[in-house]
Undergrad: 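Starting off with a structure, shown below.
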Amino acid sequence: MSRMTSVHEDRPVPPTRQDEVAAAGSELIGGPIGRWARTGGSRLTPVRVVALAMIGMFALGMVQKLPCYNWAWFQGTSSQYTHACYSDIPHLFAGRGFAENLTPYFDRLSGDMNFLEYPVLTGLFMEVASWLTPSDGDIKYREQIYWIVNCGMLMICAVAIAVCVARTHRRRPWDGLLVALAPAFALTATINWDLLAIALTAAGMLMWSRGRSLAFGILIGLATAAKLYPVLLLGPLFLLCWRAGKWREFGVATLGTAGSWLLVNLPVMLLAPEGWKKFYTFSQERQVDFGSFWLIITQRTGKSFQVESVNTYATLLMLLLCAAIGWLTLTAPRRPRFAQLAFLVVAAFILTNKVYSPQYVLWLIPLAALALPRWRHFLIWQACEVMYFLGIWMYLAFTTSGDKRQGLPTDGYHLAVALHLMGTLYVCAVIVRDILLPERDSVRRDGSDDPSGGVLDGAPDVFAIGRTTHPPQCAAQQLQGPRVQWGAGQGTHTATD
């Protein structure tokens, strides 16, 4: 069967016609777009609007860090928490030897961490920022400049993420605004260096949506060299390619991932093996930490887990959730979309992990915009994450304020963790509902199959457990125009578009 095409492929989907929250929010700029509105001929294309919105929100996030930039990073521990403006970046400039021009992974550190505990590509990112930081001046000034330099580099990553999301679904560029306007994105973007891996992952998903399997694999390999989580996307891709019989494309993507990861890691692995493996040993040896349900259990019961036991339990839970995702993929009435499964597998990793740093929400935001582009669900989840963002800093303020005990006590922090967990589970539940009831999926309402699926988009199934179904008639009946082919079920189905 030929790959599905849409007769409206060049016409973007106006979000104000599909999303009641977007329609209500549009009142700020004149109301929802009308039937006769002229959307062409302007230099402000949707992608450019998304990019500008991201720059503006990123700048607001930097402004939110100003109390720390001006003084709180340098005057005691508690102040940076009470102002909710903490960042690892200035502290690790000196703490990981960049201020002394030490070479990551090769030079041993003198502090509590003997080598840099970040993957190789992130270490290179940090090193390049240190090259652009003046070597003269006091340490406060240099840490401030180092943070600004990193912010400039991270802003480029942020814009790349928003643009890639806006371009992944050809007819839904406005979904990129979910990323650009996400409150948690602005608040957490400059806490750490996660945006590098996220940008590479977003670019990889854009390449996959264009049918470029090798480019996808290379980018995911580079992303994995910057942060471990992007390699998880190969799991759902394997299941989808299994169901669609796209083994060649999956093989090319896997080889590209392995090749680019080795290309970046192998030199450091061979020349500085002890420094290279620090990230992996640190991840294994790390105790139960902030943000996880493991921490709630230990603090509520007063019983501490051995780190080996937590690693084992977390791995088993992750495997169980992955097995459930696999069963869902192979038994769903229609083959799930790639972005839906990508969100579920990364969320499973976050939910079962023994630590949840506030910036980890950044991993999910681009995937959520592609998997569930509905403002109501997205903002409910973002509200939970913003509450957790405030909760972690107020809890740390409470634990570091001594006799003053200002901030959020333990019980309040547990509530913040629970909000984060429930918010993430809520999005997962809605995505699972959309997989089981594809007529509820807003992306598929116009007759699309999987706009981010690349070779999977419109492809027939060659393997599935149970009986697949025809496209939902209730969704098809709402559409007008010529009939197009769907990529669902064992044969060729049609729906109006």
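Please read all numbers here as calculations on a predicted model, not as lab measurements. Hydrogens, waters and symmetry mates play no part in the numbers below; they use all other heavy atoms, side chains included.
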Undergrad: Just wondering, more than 12 heavy atoms not from Met387 lying within 6.0 Å of its CE?
TA: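 Counting neighbours around CE of Met387, 12 or fewer heavy atoms of other residues, nucleotides or ligands fall under 6.0 Å, so no.
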
Undergrad: If we only count heavy atoms from C-beta on, is the Thr122 to Phe279 side-chain gap below 4.5 Å?
TA: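 Sidechains of Phe279 and Thr122: no contact.
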
Undergrad: Run the numbers on Phe290 and Tyr388 for side chain to side chain contact (heavy atoms under 4.5 Å, CB included), then give the verdict.
TA: CA-CA 11 Å; Phe290 299 113; Tyr388 177 74; 4.2 Å; yes

Undergrad: Could you check whether any side-chain N or O of Asp457 sits under 3.5 Å from a backbone N or O of Gly453, counting only pairs where one atom can act as donor and the other as acceptor?
TA: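 Answer holds: no.
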
Undergrad: Got Trp147 and Lys65 here, is their nearest side-chain heavy-atom distance under 4.5 Å?
TA: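 With C-beta onward as the side chain, the pair touches.
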
Undergrad: Check Ala225 against Asn265 and note the closest heavy-atom contact, atom names and distance.
TA: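 Smallest heavy-atom distance, with atoms named: CB-ND2, 3.7 Å.
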
Undergrad: In Å, rounded to the nearest 0.5 Å, how long is the span from CG of Leu396 to CG of Leu408?
TA: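 Rounded to the nearest 0.5 Å, the CG-CG separation comes out at 10.0 Å.
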
Undergrad: Applying ring pair (Phe, Tyr, Trp, His ring centres under 6.0 Å), name anything that partners Tyr313, two or more places apart in sequence or on another chain.
TA: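 None.
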
Undergrad: Whether the side chain of Tyr413 engages the backbone of Trp393 through a donor-acceptor N/O pair (distance < 3.5 Å, no angle test) should be reported.
TA: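 Not at all, since once roles are kept as given, no pair shorter than 3.5 Å links the two residues.
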
Undergrad: Using a distance-only test with no angle check, is there a side-chain donor-acceptor pair under 3.5 angstrom linking Asp441 and Gln340?
TA: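 A donor-acceptor contact under 3.5 Å links the two side chains.
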
Undergrad: Given side chains that start at C-beta, do those of Met318 and Asn353 come closer than 4.5 Å, heavy atoms only?
TA: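 Not in contact.
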
Undergrad: Can you name the nearest heavy-atom pair linking Ala369 to Asp175, along with the distance?
TA: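 What the structure gives for the nearest pair is CB-O, 3.9 Å.
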
Undergrad: Would you please indicate if the ring centroids of Tyr360 and Tyr229 are separated by under 6.0 Å?
TA: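 Between Tyr229 and Tyr360, which both carry aromatic rings, the centre distance is not below 6.0 Å.
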
Undergrad: What closest approach, in Å, do Gly176 and Val165 show between heavy atoms, and which atom pair accounts for it?
TA: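 Closest approach of Gly176 to Val165, heavy atoms only: CA-CG1, 4.1 Å.
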
Undergrad: Verify the distance criterion only: is there a donor paired with an acceptor across the side chains of Asp450 and Ser452 at less than 3.5 Å?
TA: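 Yes, because at least one side-chain N or O of Asp450 sits under 3.5 Å from a partner of the opposite role on Ser452.
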
Undergrad: Answer yes or no: does atom CZ of Arg433 have more than 12 heavy-atom neighbours from other residues, nucleotides or ligands under 6.0 Å?
TA: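 Yes, enclosed.
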
Undergrad: Answer yes or no: is there a donor N or O on one side and an acceptor on the other, between the side chain of Ser448 and the main chain of Pro451, under 3.5 Å?
TA: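 No, Ser448 side chain to Pro451 backbone: no donor-acceptor pair under 3.5 Å.
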
Undergrad: Asn150 and Ile89: which non-hydrogen atoms are nearest, and at how many Å?
TA: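 Closest heavy-atom pair between Asn150 and Ile89: ND2-CG2, 3.6 Å.
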
Undergrad: Locate the shortest heavy-atom distance separating Val361 from Pro358; write the atom from each residue and the value.
TA: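 Closest heavy-atom pair between Val361 and Pro358: CG1-O, 3.3 Å.
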
Undergrad: Among residues two or more places apart or on two chains, list those pairs meeting salt bridge (Lys or Arg N to Asp or Glu O under 4.0 Å) that have a residue in residues 181-205.
TA: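 Passing the test, one end in residues 181-205: Asp194-Lys227.
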
Undergrad: Would you call Phe293 and Leu351 a side-chain contact if the rule is heavy atoms closer than 4.5 Å?
TA: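 Not touching, per the 4.5 Å side-chain cut-off.
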
Undergrad: What verdict does the side chain to side chain contact (heavy atoms under 4.5 Å, CB included) test give for Thr188 and Phe389, after you've listed the backbone C-alpha separation in whole Å, the side-chain angles of each residue and the deciding distance to 0.1 Å?
TA: CA-CA 8 Å; Thr188 61; Phe389 174 85; 3.8 Å; yes

Undergrad: Are the side chain of Trp294 and the backbone N or O of Thr352 linked by a donor-acceptor pair below 3.5 Å?
TA: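 Checking the backbone N and O of Thr352 against the side chain of Trp294, a donor-acceptor pair under 3.5 Å is found.
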
Undergrad: State, with a plain yes or no, whether a side-chain heavy atom of Leu52 is found less than 4.5 Å away from one of Leu44.
TA: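 Sidechains of Leu44 and Leu52: in contact.
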
Undergrad: Under 3.5 Å, side chain of Arg243 to main-chain N/O of Val462, donor-acceptor pair present?
TA: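 Between the backbone of Val462 and the side chain of Arg243 there is no qualifying donor-acceptor contact (under 3.5 Å).
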
Undergrad: Can you run down the salt bridge (Lys or Arg N to Asp or Glu O under 4.0 Å) pairs that involve residues 152-163, sequence neighbours left out, and say none if there aren't any?
TA: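 Every pair satisfying salt bridge (Lys or Arg N to Asp or Glu O under 4.0 Å) with a residue in residues 152-163: there are none.
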
Undergrad: So Glu249 and Phe216, side chain to side chain contact (heavy atoms under 4.5 Å, CB included) or not? Walk me through it.
TA: CA-CA 10 Å; Glu249 290 79 3; Phe216 165 81; over 6 Å; no

Undergrad: Taking only residues two or more places apart in sequence or in another chain, which ones pass side chain to side chain donor-acceptor pair (under 3.5 Å) with Tyr118?
TA: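 Applying side chain to side chain donor-acceptor pair (under 3.5 Å) to Tyr118 gives Asn192.
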
Undergrad: Could you tabulate the donor-acceptor pairs under 3.5 Å formed by side-chain atoms of residues 415-432, not counting sequence neighbours?
TA:
{"unit_1": "His420", "atom_1": "ND1", "unit_2": "Glu385", "atom_2": "OE2", "d": "3.0"}
{"unit_1": "Thr424", "atom_1": "OG1", "unit_2": "His420", "atom_2": "O", "d": "3.0"}
{"unit_1": "Tyr426", "atom_1": "OH", "unit_2": "His377", "atom_2": "ND1", "d": "2.7"}

Undergrad: Is the backbone N or O of Gly454 less than 3.5 Å from a side-chain atom of Ser209, with the two atoms forming a donor-acceptor pair by type?
TA: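 Checking the backbone N and O of Gly454 against the side chain of Ser209, no donor-acceptor pair under 3.5 Å is found.
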
Undergrad: Could I get the full list of ring pair (Phe, Tyr, Trp, His ring centres under 6.0 Å) partners for His169, not counting sequence neighbours?
TA: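 None.
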
Undergrad: Considering non-hydrogen atoms only, spot the tightest contact between Leu390 and Ala84 and give its length.
TA: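 Residues Leu390 and Ala84, closest heavy atoms: CD2-CB, 4.4 Å.
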
Undergrad: With a 4.5 Å heavy-atom cut-off, do Phe250 and Leu255 have their side chains touching?
TA: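 Not in contact.
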
Undergrad: Do Thr201 and Leu219 come within less than 4.5 Å of each other through their side chains, counting heavy atoms only?
TA: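 A side-chain contact is absent here, since even the closest heavy-atom pair is not under 4.5 Å.
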
Undergrad: Run the side chain to side chain contact (heavy atoms under 4.5 Å, CB included) test on Phe125 and Leu195 for me, step by step, so that the C-alpha distance in whole Å, both residues' side-chain angles and the decisive distance to 0.1 Å come before the verdict.
TA: CA-CA 11 Å; Phe125 189 94; Leu195 290 186; over 6 Å; no

Undergrad: Using atom types as modelled and distance alone, determine if a side-chain donor or acceptor of Arg335 lies under 3.5 Å from a backbone N or O of Leu456.
TA: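 Checking the backbone N and O of Leu456 against the side chain of Arg335, a donor-acceptor pair under 3.5 Å is found.
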
Undergrad: Take Asp434 and Arg444 through the test salt bridge (Lys or Arg N to Asp or Glu O under 4.0 Å) and record every step on the way to the result.
TA: CA-CA 10 Å; Asp434 287 351; Arg444 286 176 158 165; over 6 Å; no

Undergrad: Hey, could you give me the CD/SG distance between Gln382 and Cys384, rounded to the nearest 0.5 Å?
TA: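 The SG atom of Cys384 is 9.5 Å from CD of Gln382, to the nearest 0.5 Å.
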
Undergrad: I need the Phe58 CZ to Leu154 CG distance, nearest 0.5 Å.
TA: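 So the gap between those two atoms works out to 5.5 Å.
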
Undergrad: Which distance, rounded to the nearest 0.5 Å, do you find between the CG of Leu237 and the OG1 of Thr329?
TA: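 Those atoms lie 11.0 Å apart.
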
Undergrad: Any pair with a residue in residues 362-372 that passes salt bridge (Lys or Arg N to Asp or Glu O under 4.0 Å), sequence neighbours left out, goes on the list, sorted by first then second residue, please.
TA: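 Qualifying pairs, neighbours excluded: none.
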
Undergrad: Could you check if a side-chain atom of Leu320 sits within less than 4.5 angstrom of a side-chain atom of Cys322, using non-hydrogen atoms only?
TA: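 Side chain of Leu320 against side chain of Cys322, heavy atoms only: no contact under 4.5 Å found.
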
Undergrad: My understanding is that only residues two or more places apart in sequence, or in another chain, count here; which of them pass ring pair (Phe, Tyr, Trp, His ring centres under 6.0 Å) with Trp381?
TA: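 With sequence neighbours excluded, Trp381 shows a ring pair (Phe, Tyr, Trp, His ring centres under 6.0 Å) to Phe378, given in chain and number order.
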
Undergrad: To the closest 0.5 Å, what do you measure between CG (Leu262) and OG1 (Thr257)?
TA: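 If I round to the nearest 0.5 Å, the distance is 11.0 Å.
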
Undergrad: For Cys85, enumerate each residue passing the disulfide (SG to SG under 2.5 Å) test, keeping only those at least two apart in sequence or located in another chain.
TA: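 So Cys85 forms a disulfide (SG to SG under 2.5 Å) with Cys68.
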
Undergrad: Is the distance from the ring center of Trp247 to that of Phe238 below 6.0 Å?
TA: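 They qualify: ring centres under 6.0 Å apart.
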
Undergrad: With Phe349, which residues qualify under ring pair (Phe, Tyr, Trp, His ring centres under 6.0 Å), at least two apart?
TA: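 With neighbours one apart ignored, the set is empty.
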
Undergrad: Can you pull the salt bridge (Lys or Arg N to Asp or Glu O under 4.0 Å) pairs that have at least one residue in residues 345-371, sequence neighbours excluded?
TA: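 Counting only pairs at least two positions apart or across chains, no salt bridge (Lys or Arg N to Asp or Glu O under 4.0 Å) contact touches residues 345-371.
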
Undergrad: Okay, side chain of Arg167, backbone of Leu206: is any donor-acceptor separation there less than 3.5 Å?
TA: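 Not a single qualifying donor-acceptor pair exists.
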
Undergrad: Out of curiosity, Ile198 CD1 to Ile161 CD1, how far, rounded to the nearest 0.5 Å?
TA: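 Result: 5.0 Å between the selected atoms.
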
Undergrad: Identify, with sequence neighbours excluded, every residue that meets side chain to side chain donor-acceptor pair (under 3.5 Å) alongside His414.
TA: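 Only Gln299, Arg300 meet the side chain to side chain donor-acceptor pair (under 3.5 Å) criterion with His414.
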
